[in-house]
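Only one structure is covered here, and it is reproduced in the block below.
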Amino acid sequence: ELRMSAARALRNIEQLNGDLNAVVHVVQSLDHNDKAAAGSGITPILSGMPVLVKDSIEVAKMPTVCGLAVRQGHVAPADAPLIARLRRAGAAIIGKTNVP
């Protein structure tokens, strides 16, 4: 089940990211993802698929630093169009990856 895949991906990030420093932000709950895809009665094509996005893409209520000290503390007020489309397709946005 993909919902379990998202939970498993979060556990893997927790275990491995210390050495890799690839993920800069991880969601605390998958609830926001569930709400975005709910309502149509049709199972979305990416239903529950865990997705990490680059830190340069705005994800509502997540920090968007883009690897820049001047952006420390910036939290996205809304999803970028790409993220909105991924959510509507059922993707589970589980975090943001480092920007070189």
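Because only heavy atoms are used, hydrogens play no part in the values below, and waters and symmetry mates are left out as well, while side chains stay in.
- Other members of a hydrophobic cluster containing Val75 are absent, since no ILVMFWY side chain comes under 4.5 Å of it, directly or through relayed contacts.
- Scanning all heavy atoms of the two residues, the minimum distance from Cys66 to Asp55 falls at N-OD2, 2.9 Å.
- Residues Leu82 and Ile93 share a single hydrophobic cluster, defined by chaining ILVMFWY side chains whose heavy atoms lie under 4.5 Å apart.
- Clustering ILVMFWY residues whenever any of their side-chain heavy atoms sit less than 4.5 angstrom apart, transitively, puts Val53 in the very cluster that holds Met62.
- Under the side-chain hydrogen bond (donor to acceptor under 3.5 Å, both in side chains) criterion, Thr64 pairs with Lys96, sequence neighbours left out.
- The heavy-atom pair separating Ala92 from Gly48 by the smallest distance is CB-O, 3.8 Å.
- Pro50 approaches Ala9 most closely through the heavy-atom pair CB-CB, 4.1 Å.
- The CG atom of Asn21 lies 11.0 Å from the OG1 atom of Thr97; values are rounded to the nearest 0.5 Å.
- Residue Pro44 comes nearest to Ala89 through the heavy atom pair CB-O, 3.0 Å, listed as atom of the first residue, atom of the second, then distance.
- Taking the salt bridge (charged side-chain N to carboxylate O under 4.0 Å, His left out) definition, one finds that Arg71 meets it with Glu58, sequence neighbours left out.
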- [ ] Please report the C-alpha distance between His25 and Val59 in whole Å, then the side-chain angles of each, then the deciding distance to 0.1 Å, and finally whether the side-chain contact (heavy atoms from CB on, under 4.5 Å) criterion is met.
- [x] CA-CA 11 Å; His25 182 77; Val59 179; over 6 Å; no
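- In this structure, CD on Gln28 lies 9.0 Å from CG on Leu10, to the nearest 0.5 angstrom.
- Among residues two or more places apart in sequence or in another chain, the side chain to side chain contact (heavy atoms under 4.5 Å, CB included) test is passed with Ala22 by Asn17, Leu20.
- Atom CD1 of residue Ile57 and atom CG of residue Leu52 lie 11.0 Å apart, to the nearest 0.5 angstrom.
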TODO: Please lay out, stage by stage, how His74 and Leu68 fare under the test side-chain contact (heavy atoms from CB on, under 4.5 Å).
DONE: CA-CA 11 Å; His74 173 75; Leu68 301 171; over 6 Å; no
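- Pairs passing the salt bridge (charged side-chain N to carboxylate O under 4.0 Å, His left out) check and including a residue from residues 12-28, sequence neighbours excluded, do not occur.
- Residue pairs that meet the salt bridge (charged side-chain N to carboxylate O under 4.0 Å, His left out) test with at least one member in residues 44-54, sequence neighbours left out, do not exist here.
- Here the closest heavy-atom approach between residue Leu86 and residue Leu46 is recorded as CD2-CD1, 4.0 Å.
- Neither Ile13 nor Val65 shares a network with the other; the hydrophobic side chains, linked directly or stepwise wherever heavy atoms of I, L, V, M, F, W or Y lie under 4.5 Å apart, form separate groups for each.
- The shortest non-hydrogen separation linking Ala91 to Val51 is CB-CG2, 3.8 Å.
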